[in-house]
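These numbers come from a predicted model, not from an experiment. In what follows, every heavy atom counts, from backbone to side chain, and hydrogens, waters and symmetry copies are set aside.
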Amino acid sequence: MIKRYLLAVALIVCLCAFSIMGFNWLINPMGLFSSPVISGVNVVKPNMFAYDRQLKSWGISKFQPDGLILGSSRASVGLNPDHPDWQTNEVFNSALSATSTYLIYRYLRHAQATRPLKQVVLGLDFLSFNAELAKTMSLDERLLSVDESGRRNPDFLLSRVFQSLYSWNVLIASVSVLSANRKEVNRKIDPETYSPPLARNGVMQPDSFLSSFWLPIRERAYGTLRQYLNTLWFPEQGFTFSDEEGVESDLLGWYRQTLRYAYDEDIDLRLFISPSHAYLFEAIHASGLWEIWEEWKRLLVAINEEEASRAGREPFPLWDFANYNDYSSVTVPMTAGKGVSMRDFWDVGHYRQEMGDVVLDRVLGDVPPSGFGARINGASIDDHLVSIRESRELYRIEYAEEVAELDAALSNILAGETPQ
């Protein structure tokens, strides 16, 4: 009798488990599977972006690219894996939101273990070197096929099945997807034209991070600045490249390890400092981070040349697009309404793919700068930084009225108040 009871319980548990797995497979909240797409059921996947670390890891394993894009959400939304200047067969955009150099290094090793890489483009962002921000991150080691030293992860394949089909978080995500698709506005969306938050090639759609569409663009810009000043740069705590709490917070060290690994593995690595709107440069200055921002650029150059010398190679090409120019200085209009846009940028931090194509023209095709972007090295970095300071002064004169309003907004943000 007891054996029959236990057998019945086991059977019920198995049926529940398979039912949950089948439900998650059908709803497919992460977009991992070739499940049928059904209007009113699973077309819209609003929380897909929250799983970018899983999706980018599994995308690398699934498509086995020999070309890779790394960096933060700027690269994720702005760089096109189908740009014509790639010298590869399959390119995947593996850039992650609010990432650190530690995560960049780990995903590079994961991709190289999946298939040897021919070419990699790495977008470098100030926030990725912030030890204070890195302390807020965690990496589920089961997501990657190898550890930081290249040893195979025995839990990798099993974790993919568990995390994508049979976990509490996925079940919640599936229920959220089903609920979202039951809404009248989403029932009318054509499955053939719907673009999920993360595309097949890893590119992030701007709808993943844009919010408050009904606000004037300049107010939305201030919201982005508040995010950088309060949760990404941590100027009050003191922006630092390393932390005593653990090796994962030695962000310059992981940048060095990334370059060393690329030199040792003979990967064609192209480096660039990501473009952003001048508003962010002004926020760097207002928060007292300008000197460390300049020092960061010097260190990027120095470490690249040190690792090249160690490897007996020419330094990887390093471009700087974080400057005052015709792109970054575009006026942020004071305009309300969903669909109202700004030239070249989605917001003051994320650039459009049209600008990303210009970046890749230079980084991959070595197109002359023409006022946008500069190749930097040890011989040119000091003059380059002086030119940025001079360009800043000209920007503040030419856009004096807009800058005055920006200065007031930044003062309010730094004081913990809402910009007026």
Between atom [atom1] of [X] and atom [atom2] of [Y], what is the distance when rounded to the nearest 0.5 Å?
X	Y	atom1	atom2	result
Thr88	Asp66	OG1	CG	5.0 Å
Ser73	Met204	OG	CE	4.5 Å
Tyr324	Tyr399	OH	OH	12.0 Å
Leu124	Ser274	CG	OG	7.0 Å
Leu364	Trp86	CG	CH2	5.5 Å
Asn130	Leu232	CG	CG	8.5 Å

Can you check whether [Y]'s main-chain N or O pairs, donor with acceptor, with [X]'s side chain at less than 3.5 Å?
X	Y	answer
Arg115	Gln64	yes
Gln119	Gln87	yes
Ser128	Thr99	yes
Trp233	Ser287	no
Ser309	Glu305	no
Asn80	Gly356	no
Lys118	Asp268	no
Thr231	Gln227	yes

Name the one of Thr101, Asn93, Val120 that satisfies side-chain contact (heavy atoms from CB on, under 4.5 Å) with Leu70?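 Exactly one candidate clears the test, Val120.
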
Carboxylate-amine/guanidinium contact [X] [Y], below 4.0 Å:
X	Y	answer
Asp264	Arg310	yes
Asp266	Arg313	yes
Asp382	Arg298	yes
Arg352	Asp344	no
Arg74	Asp125	yes
Glu282	Arg396	yes
Asp147	Arg151	yes

Within-4.5 Å side-chain heavy-atom neighbours: [X] and [Y]:
X	Y	answer
Lys56	Ser76	yes
Leu68	Leu122	no
Val363	Pro317	no
Leu79	Val121	yes
Thr224	Tyr228	yes
Thr258	Tyr107	no
His110	Ile60	yes

If you take the centroid of each ring, where Trp contributes its six-membered ring, are [Y] and [X] closer together than 6.0 Å?
X	Y	value
Phe126	Trp296	yes
Phe372	Tyr327	yes
Phe316	Tyr263	yes
Phe281	Trp290	no

Do the ring planes of Trp319 and Phe321 sit parallel (below 30°), tilted (30 to 60°) or perpendicular (above 60°)?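 Answer is parallel, since the angle falls under 30°.
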
Just checking, any donor-acceptor pair under 3.5 angstrom between side chains of [X] and [Y]?
X	Y	result
His83	Asp361	yes
His277	Ser328	no
Tyr395	Glu402	no
Ser380	Asn377	yes
Arg226	Tyr222	no

Look at atom CG of Asp82 and say whether more than 12 heavy atoms of other residues, nucleotides or ligands are closer to it than 6.0 Å.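 Counting other residues, nucleotides and ligands, CG of Asp82 exceeds 12 neighbours.
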
May I have the step-by-step check of side-chain contact (heavy atoms from CB on, under 4.5 Å) for Val203 and Val77, ending in yes or no? CA-CA 6 Å; Val203 172; Val77 74; 5.7 Å; no

Face-on cation placement of Lys297 at Trp293 ring, 6.0 Å and 45° thresholds: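 Ring-cation test returns yes.
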
Under the criterion side chain to side chain donor-acceptor pair (under 3.5 Å), which of Glu307, Glu306, Glu265 is the partner of Arg260?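 Exactly one option meets the side chain to side chain donor-acceptor pair (under 3.5 Å) with Arg260, and it is Glu307.
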
